[in-house]
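Just follow the structure's listing: the first ligand is 1, and inside any ligand the first atom is 1.
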Amino acid sequence: MPAKEKTLQEINEKIARGAAIVLTASELLSIAQEGGEIPDVDVVTCATKGIMSGTMASLSFKVAEKNEFVRAKGLWLNGVPAYPGPCPNERLGIVDTIVFGTAHSIYDDKYGGGHLFRDMVEGNDIEVEVETDTGRKLKTATTMENIAYAKMIATRNAYKNYVAYVNPSPETLYDSIFSVGPFYGPYKELKFCGCGELNPVEKDPGLDVIGEGTKVLINGAPGMVTGRGTRSTPEKPNLSAISDMKKMDPKYMGGFVTSHGPEVVSSWAVPIPVLNDRILKNLLKRDAEIPLSVVDVRGREEIGRITYADVWKDCDLAVRFDPKLCDGCEKCRAEEMCPRGALSFKEKRIDRSKCFNCGVCIGFCPNSAVSANLGEVEFLGKKMPITERHSDRLGAMKISAELKRLILSGEFKVTEMVEKIKF
Ligand code: SF4
Ligand code: SF4
């Protein structure tokens, strides 16, 4: 049945009356797959959770009393370098600063900006070191409660589709932001990123409803799309945005330690109002219709294409831990390699609020105490196991369900864009 033409105002009136049908993207696709009649859906919540390097924080907070120093020249938060400014806040004892999500701690090579953002949102103590313009070093501590201003700025997030990586060379790659463990070749394994059929931009490919000013949910907090992201093209668009870190939920975010060091994880959920049949048709697009470039991890040249069905079909979305199979190896390599610090062999459990279901641990556990079917891909006549997922589809499903709940409860209003995004 074709979708009825509606205006956003009509949809919002239905939501206010409690008469709207709001579905997550996976719910809509399940109905279609089972051959059921597509209901007269008003809003579909789409989402993505993945490594999003183009993420930074803009912060402002007090570090000393007035006149204790003139200007800050350097700043470190839990050892993560931050850039003081742009306002110098002369003699005020306050720093304005920008922190990159990909910045690495000077003390701990497994801690970076993404970890810091999560620690802040969890309300943990943050150690602050300031270098003044006269070279004096000050040490203090703060928490999110005492940080007057904390916004997350996305410069390049929510890519429409990303890529899968292979190593065509016989030499193992040991240092890459696109790999947690060693990257074996030639064509021994495949790692990939992207939530495929759940991805918001994939579901609005013409950016007809997602535009400048569209309200979205970033890491559980309300945010606003500010336009296209860096290196965004009509074929591979991504989005920029701003959101309030004080309202974020830590389970949607954090650090992710690659073989090159820490990266940053973010989750987006975006409401797509079903204004017409064309929008509904895009929302019904399946993984098998969404191309996935396979690139050489060493230079990111495309070698060929598969689809998102090749990487998400018939796999387990969640990675399991069976304590009965964990006999306590002398050294738990699975725990050591977990890029999220989610696995504890002593506690014999996975911290579900941190686990990204990436699957890295599976390859390092000799007893299959951690397990999941990550699937395999046939490419260039070779069968390759999928060894790392850099997107967490289960996490994306959770944040899209959260957005659905917020819309239905009236806590999140679906808004009209202010301006269409131009390329
Ligand atoms: S590698 Fe596997 S079996 Fe060994 S301690 Fe870690 S989880 Fe347990
Ligand atoms: S799947 Fe394994 S390696 Fe990945 S975050 Fe979860 S526990 Fe860690």
For Pro366, atoms of ligand 1 separated by under 4.0 Å from a heavy atom: 1 (S)
Identity and separation of the nearest protein heavy atom to atom 2 (Fe) of ligand 1: Cys365 SG, 2.4 Å
Enclosure of Glu145 CD (heavy-atom neighbours >12, cutoff 6.0 Å): no
More than 12 heavy atoms from other groups under 6.0 Å of CD on Glu127: no
Verdict with reasoning, Ser179 to Lys191, per side chain to side chain donor-acceptor pair (under 3.5 Å): CA-CA 7 Å; Ser179 179; Lys191 314 186 184 203; 2.8 Å; yes
Which residue and heavy atom of the protein sit nearest atom 6 (Fe) of ligand 1, plus the separation: Cys332 SG, 2.3 Å
From CA spacing to verdict: side-chain contact (heavy atoms from CB on, under 4.5 Å), Tyr308, Glu197: CA-CA 8 Å; Tyr308 273 97; Glu197 65 188 20; over 6 Å; no
Contact flag Cys326/atom 8 (Fe) of ligand 1, N/O/S atoms, threshold under 2.8 Å: yes
Shortest protein heavy-atom distance from atom 3 (S) of ligand 1, along with the residue and atom involved: Asn367 ND2, 3.4 Å
Flag if over 12 foreign heavy atoms under 6.0 Å of NZ, Lys382: yes
Residue Pro339 vicinity, atoms of ligand 2 by number, heavy atom under 4.0 Å: 3 (S)
Residues Glu411, Ser409; criterion side chain to side chain donor-acceptor pair (under 3.5 Å); working and verdict: CA-CA 6 Å; Glu411 292 166 78; Ser409 66; 2.6 Å; yes
Heavy-atom closest contact (Gly101 atom, Phe117 atom, distance): CA-CE1, 3.5 Å
Heavy-atom pair of closest approach, residues Asp244 and Ala221: O-CB, 3.3 Å
Distance below 2.8 Å from atom 6 (Fe) of ligand 2: protein N/O/S atoms: Cys355 SG
Shortest protein contact, atom 4 (Fe) of ligand 1 (heavy atom only): Cys329 SG, 2.2 Å
Side-chain donor-acceptor contact under 3.5 Å, Asn167 with Tyr184: no
